[in-house]
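Since this is a predicted model, take the numbers as computed values, not measurements. Below, chains carry the letters A, B, ... as their sequence lines are ordered, and counting in each starts from 1.
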Amino acid sequence: MSDEKENNRGVFLEIEEKWQERWESSGIFRTEIDDKREKFYCLEMFPYPSSKLHMGHLRNYSIGDALARFKRMQGFNVLYPMGYDAFGLPAENAAMKHGIKPHKWTFDNIKTIKGQQKRMGLSYDWGREVITCREDYYKWNQWIFLKLLEKGLVYKKEAPVNWCPKCRTVLANEQVHEGKCWRCSSPIEEKKLSQWFIKITAYADELLEDLKKLKDWPERVKVMQENWIGKSSGVEINFPVKGKKENIRIFTTRPDTIYGVTFMVLSPEHPLALSLTTDERKDEVKRFIEKVKKETTKERTEGKEKEGVFTGAYAINPLTNEDIPIFIANFVLYSYGTGAVMAVPAHDSRDFDFAKKYGIGIKQVIYPEESKGELKEAFEGEGTLKNSGEFTGMKSSEAINKIIDRIESMGIGKRAVHYKLRDWLISRQRYWGTPIPVVYCDKCGIVPVKEEELPVKLPEDVNFSEGGNPLETSSLFISTKCPVCGGDARRETDTMDTFFDSSWYFLRYCSPTEEAGPFRKDDVNYWMPVDQYIGGIEHAVMHLLYARFFTKALRDLGMLNFDEPFTKLLTQGMVVKDGAKMSKSLGNVVDPDEIINVYGADTARMFILFTASPEKELEWSDRGVKGMFRFLRRVYSLFKGYSETHSCLETHLNKNPGFNESYIVSRTNLAIKRVTDFISGSRFNLAIGEIMAFTGEIGNFVNEENKAEGAVCYALRNLALLLAPFAPHLAEEAWSIMGNDAFISTAEWPEYKEELVNEKVMFKREMVRNLVEDINKVVELSGIKKPEKIRIIIADEWKRRVARAIRGMELSKKNMHVIMKKALKENVEPEAAARLVQKYIKDPSRLHKIILSSDEEGETIKENLQGKFERDKVELVIEKEGESGEKKAAGSLPGKPAIIIEGGGKN
RNA sequence: GCGGGGGUGCCGGAGUGGUCAAACGGGACAGGCUUAGGACCUGUUGGCUUAGUGCCUCCGAGGGUUCGAAUCCCUUCCCCCGCACCA
């Protein structure tokens, strides 16, 4: 009863504990540089140490560990490290709520999480652990900051910034999602503050261009980054204001529409907004600007209703000299382009809406191929220009360049590129982060801390309850001496965005204990770039963009010699239950610990990898977990049971195995091939599916009477090896049950040996495909122009082997010849037949024997075919009279299907 | 709106031109083993027929290409995810 069940589970838990201890004490997962071996850097996004791991982590690590183990067995020198992204607000919140010091809270959590990771049996090199809140790490954060400052990539500026009232700190643009804080979802407010920025925009173009190099990144991540960088090329043009000396500079990507401009719009923040407004309209315009400024960016963009007000002033279209009314409106953003646009309602839907609402004229100047009368909506496509002076008749693409040329030669504008990407705001008004290493001196201004004085340490004497930045409560921290003049000075109290920490941690893993710098160049050049990076999609534009930027910036500081940090990226899907993301409020959380404690880590890992392909959402299913447990238990008893009566230490495979042997040997090799290919393609779910099918077949085979020991051992050995990346504990146990002394974790990954695959027992898939090829080769070579009938006869013995190979499914003759049936039964045109033949002829070498009819036709074919096959193993046999096809095929069984051609059209 | 990804059997999920009525798992049904079983083993699991097989229907919907399509092309409907007034 449940005793047995519990016992089984107990055995598994025991096994896991045993092997985890052995792995640890033997140190087999330690990694060193080895120039003789190819390296493989397998990396998971390091976790934030909140109280516990969740299923997403379990999934992340199951993927990474399977891959790391696989590569290790394949002989790669694998770097597979783990660390903790340990700075961050939750630690501070804990301090405020429960009075626990952030440091203690963080390290307690790390301890818990590390325990969980160890219980998963992950093959990390723990000697390389990186914890970002440790001085030996954040010292280098500060060092890098100073280098960037020196290089001009860091600056301080007063600017409107995103303020999260709940976290009481500012945020980078990337960290505002739909107007809300990425972490706590509070609505963001806008504040004008003096803050530290990193000039990521200096790399906008390269960050965009190099996306093309990232062949092994998911398309959607690249698209998200592309959109975020938001490059657009166009032209900036000055529109003179009528009766004044000012110009309004606009940016447009569609200068070809300039003859269609009917009004102009400034954003409410535009410096000219009020000054060019006529006196009689000043009050109204003022009121409007005030109103819009009060709204947050979110409110302004959410309502979608376009609102504006006429300034009474006019601009002059420099190409047409027409007067153009100037409006102020809420839909023009000051932060993008020049904060002013030329409005072409005929060819821009926003301008169209606005023109309709305020009764402004619409002037069409671009016409599509088929003109459709009056415009019901803006036509935003390309077309032919009309009513455009000398440019009339040109295509949009041509006109764009010609008009820009004209504008440049007139000296009223120039080509320009604008980006949506903004500089990265890294100041945080929080305690639990890396202090920004600068000092404010009344005499000397902003002064960087001297390199030898790093790190600027976080003080202990802070008060978390007062609401502001806790660092400001530490007088010991704040008051300091100016590094330049030695006078009294004040420390910067802002700390760095924790995304700064995570932008280079993967480099630190290469030299985790280096004291002379953030990393050693040699180490990094050996290990980097990361070959496989695995993590959640939520970092598509935050972490992944910053890390790419860091790589480029450090490269330009002469510290790296590559451009991109992550060669291959896998974004895992979420783990959901009952169709919804696991969350405490929904009560659908499954605790990884619970699963591991009940079923063991192997079951949890296998289930999570098998149930969905890695990038897809994974629907949690308790039944599925049980199913996986059942499977592993079956595997265990298979090994256990067989080893009770047989010794599998040595596998003696005959060079010429008997049929029974060769069946399971072939099947084993097929499994090796498939599993290897699946893992290489990150298709872990399919790899496990194949292992399951293979296991089933071994089971069937073992139960048969005339099993061959050597072959069974061979199959079992390989099964254990294939299982090792996924269920490492069980695989180790099986390995040792079979009498091996060494770890399976460091054993060699099995190699697919084609020569061990006996074609007699190849699968239906290969068989039929080859048959089709063979048939067509025969058709071609025989000179038959219009075959009427082809029969494929499969001898019984052969059929039986195949049938067993596909697990009891009888292979019918129907399946074999149905492929050709339709093509050949009706009057197929010779050309069609020829095409067919052409399409499938690849390699006739598999053909073994062709049986021809005994009539004249057969003789002719035989003559035609004679000598056409390079290998003499193709036997041409003339059918004996009175023999049925089946009998014939059976009687002369060559180990391959015989093909019998009957008849063959003349002409 | 723009961009990305999808719609497959009771369910999850494979399958990208011919092994396909469709891998693997779950569930369901039947049988075996058992005192019993939620444990294990075997079989069945689109329909109709025969049970050696044959036929029909099927991979969101509708067309098309092809000797042949779940797979390629077009149209259309629906779902998910990102960005969202970026000029």
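Checking the phosphate oxygens (OP1, OP2) of rA87(B), no side-chain nitrogen or oxygen of R254(A) falls inside 4.0 Å. Note on R220(A): every side-chain N or O is 4.0 Å or more away from OP1 and OP2 of rC83(B).
If you take atom P in rC2(B) and the same atom in rG63(B), they sit 28 Å apart, rounded to whole Å. Comparing the C1' positions of rA21(B) and rC58(B) gives an interatomic distance of 8 Å, to the nearest angstrom. rG17(B) and rA30(B): their C1' atoms are spaced 39 Å apart (whole Å).
For rC2(B), the paired nucleotide is rG82(B), the pair qualifying as Watson-Crick or G-U wobble because both relevant distances are below 3.5 Å. Pair assignment for rA30(B) gives rU42(B), based on Watson-Crick or G-U wobble hydrogen-bonding distances that are each under 3.5 Å. Nucleotide rU66(B): unpaired (no Watson-Crick or G-U wobble partner with both distances less than 3.5 Å). rC48(B) is paired with rG54(B) under the Watson-Crick or G-U wobble criterion, all donor-acceptor distances under 3.5 Å. Within the shown strands, nothing qualifies as a pairing partner of rG9(B) under the Watson-Crick or G-U definition with both distances less than 3.5 Å. In this structure rA61(B) sits in a base pair with rU75(B), meeting the Watson-Crick or G-U test at under 3.5 Å.
The salt bridge (charged side-chain N to carboxylate O under 4.0 Å, His left out) check on R422(A) picks up nothing, with sequence neighbours excluded. Residues satisfying the salt bridge (charged side-chain N to carboxylate O under 4.0 Å, His left out) test with R415(A), not counting sequence neighbours, are D405(A), E408(A). In this structure F678(A) satisfies the ring pair (Phe, Tyr, Trp, His ring centres under 6.0 Å) test with no other residue, sequence neighbours excluded. Take D256(A) and apply the salt bridge (charged side-chain N to carboxylate O under 4.0 Å, His left out) test, not counting sequence neighbours, and it matches R254(A). Residues satisfying the salt bridge (charged side-chain N to carboxylate O under 4.0 Å, His left out) test with K616(A), not counting sequence neighbours, are none.
The interatomic distance linking M692(A) (CE) with rA23(B) (C1') rounds to 12 Å, in whole Å. In this structure, CZ of F726(A) is placed 13 Å from C1' of rC24(B), rounded to the nearest angstrom. Taking atom CD1 on I400(A) and atom P on rA87(B), their separation rounds to 12 Å, with Å as the unit. Between the C1' atom of rA87(B) and the NE2 atom of H270(A) lies a distance of 13 Å, rounded to the nearest Å. With rounding to whole Å, M224(A) atom CE is found 19 Å from rC2(B) atom P. Distance E538(A) CD to rG82(B) P: 11 Å, rounded to the nearest Å. Regarding D353(A), its CG atom lies at a distance of 16 Å from the P atom of rA87(B), rounded to whole Å.
In this structure, the side chain of E697(A) does not engage the main chain of R667(A) through any donor-acceptor pair within 3.5 Å.
When distances run from any side-chain atom of R633(A) to the nucleotides rC85(B), rA87(B), rC40(B), the shortest one goes to rC40(B).
Ring-plane geometry between H347(A) and F379(A) is classed as perpendicular, the angle between the planes exceeding 60 degrees on a 0 to 90 degree scale with a lower cut at 30.
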Report, one pair per line, the protein and nucleotides 8-14 of chain B atoms (nitrogen or oxygen only) whose separation is under 3.5 Å.
from	atom 1	to	atom 2	distance (Å)
rA14(B)	OP1	S613(A)	OG	3.0
rA14(B)	OP1	K616(A)	NZ	3.4
rA14(B)	OP2	K616(A)	NZ	3.2
rA14(B)	O3'	R683(A)	NH2	3.2

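Between E236(A) and H418(A) the shortest side-chain heavy-atom distance falls below 4.5 Å.
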